[in-house]
Amino acid sequence: MYKKIIIPLILISGVYADDDRWGNRNDVAPVKNAIYIKECGSCHFAYQPGLLPQRSWTKMMGNLENHFDSDASLDDATTKYLANYLKANSAEKGIEYKRSRKILQSIRPNEVPLRITQTRYFINKHDEIPKKMIIQKEVGSLANCTACHTTANKGNYSERAIKIPNYRAWKDD
Amino acid sequence: MKKYTLAILLCGVIANAGNFSPSMQGYIAALKSEAKQADSSFVDFNAKRGEKIFTTKHIGKSGDSISCTSCHGSNLTKNGQNPTTNKIIKPLGPSVNKSRLTDIKEVQKWLRRNFKDVYNREGTALEKGDVLYYIQSK
């Protein structure tokens with residue numbers, strides 16, 4: 001009985017130690033906002049705000065009725081709330097996280113990408129993946145981060161945690 | 001005992017359309033009066049008409065021919081899946097998913113979005129009522 005409780009506790013504290021105490025900030029700030037997870041995680045994975053710059057989020061939130069060919073509109077109060085949340089947590093605000101920094105550096109100042117999957121950093125990291133691994137039904141498209149990155153919902157995209165469905169563990173070279 | 005009978009009687013009076021949750025009954029009533037205003041011969045919503053709305057394909061917002069079943073499946077007691085994002089959608093049928101059709105704001109939000117996705121316009125009060133009767137029956 002006690003063993004069952006103690007083991008998960010150790011695991012949890014291990015995760016926190018990795019993030020905060022040791023300053024190991026390789027990935028992106030995880031999402032903790034329940035409203036964001038509910039509203040922006042209903043049709044797809046709730047992408048971390050640190051994956052795009054502020055200007056991208058502002059543009060996206062200005063036209064939720066036409067959101068990638070679907071209607072994602074919200075009432076005004078919720079739209080405003082989430083626009084502020086995204087602004088406050090955009091890539092610029094998470095510059096201590098390696099991924100946010102790299103994505104930001106890969107976007108030209110005049111570009112306002114609406115897709116994470118079309119930023120140069122993202123393309124460079126994913127251009128060696130054979131198409132058949134992406135279009136298979138368990139994945140569908142590269143926008144489906146959680147299909148391959150088993151710890152994406154913690155903001156952790158490390159290579160160790162990549163498992164492409166139906167293929168053996170991913171090895172760079 | 002007396003209380004019991006009264007409750008049953010009341011349920012029968014208010015909800016001649018299956019058993020919508022108390023919070024939804026006000027919304028259904030509002031849709032009814034809107035439908036009556038649009039057409040004075042309106043009597044009640046109809047799950048059979050709702051099924052047709054739910055399963056009929058139409059060129060939607062994305063330019064593809066889709067229906068409500070493209071995401072929710074044709075068996076509302078089973079999971080659906082968004083064909084674009086691959087995300088699993090829990091069953092719509094209240095008989096297996098108690099949280100469905102309980103929160104008016106959620107229902108209004110999704111009906112607005114989903115009618116636009118499929119029919120490129122908002123649903124009328126009649127269409128919304130019909131489709132809610134259909135979903136409630138599952």
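Every value quoted in this text rests on a predicted model; they were computed, and no experiment measured them. Numbered from 1 within each chain, the chains take letters A, B, ... in sequence-line order.
Judged by distance alone, with hydrogens and angles left aside, the side-chain atoms of Arg112(B) form a donor-acceptor pair with the main-chain N or O of Ser73(A) at under 3.5 Å. Judged by distance alone, the side chain of Lys87(B) and the main-chain N or O of Gly41(A) form a donor-acceptor pair under 3.5 Å. For the pair Thr85(B) (side chain) and Cys43(A) (backbone), a donor-acceptor distance under 3.5 Å is present. Between the side chain of Asp71(A) and the backbone N or O of Asn114(B), no donor-acceptor pair lies under 3.5 Å. At least one donor-acceptor pair closer than 3.5 Å links the side chain of Asn86(B) to the backbone N or O of Lys137(A).
Distance check, rounded to the nearest 0.5 Å: CG of Asn82(B) to CG of Asn144(A) gives 10.0 Å. Expressed to the nearest 0.5 Å, how far OG1 of Thr78(A) lies from NZ of Lys105(B) amounts to 5.0 Å.
For NZ of Lys93(A), the number of neighbouring non-hydrogen atoms (other residues, nucleotides, ligands) closer than 6.0 Å is greater than 12. With a 6.0 Å radius and a threshold of 12 heavy atoms from other residues, nucleotides or ligands, Asp127(A) has its CG atom above the threshold. Taking a 6.0 Å sphere around CZ of Arg121(B), one finds it holds more than 12 heavy atoms contributed by other residues, nucleotides or ligands. Few gaps surround NZ on Lys36(B); more than 12 heavy atoms of other groups in view lie less than 6.0 Å from it.
The cluster map of Ile, Leu, Val, Met, Phe, Trp and Tyr, joined by side-chain heavy atoms under 4.5 Å apart, puts Ile116(A) and Leu114(A) in the same cluster. Taking hydrophobic clusters as Ile, Leu, Val, Met, Phe, Trp and Tyr residues chained together by side-chain heavy-atom distances below 4.5 Å, Ile134(A) shares a cluster with Ile162(A). Criterion: ILVMFWY side-chain heavy atoms under 4.5 Å apart, direct or through other members. Under it, Val112(A) and Tyr47(A) are not part of a common hydrophobic cluster. Criterion: ILVMFWY side-chain heavy atoms under 4.5 Å apart, direct or through other members. Under it, Ile35(A) and Trp57(A) are part of a common hydrophobic cluster.
Contact of Leu64(A) with chain B is not made at all, since no heavy-atom distance falls under 4.5 Å. Interface residue Lys61(B): backbone and side-chain heavy atoms are both found under 4.5 Å from chain A.
Ranked by heavy-atom pairs under 4.5 Å with chain B, the list Ala143(A), Ala72(A), Gly140(A) is led by Ala72(A).
The shortest non-hydrogen separation linking Asp117(B) to Ser70(A) is OD1-CA, 3.4 Å. Nearest approach of Ser42(A) to Arg113(B), heavy atoms of both residues: OG-NH1, 4.5 Å.
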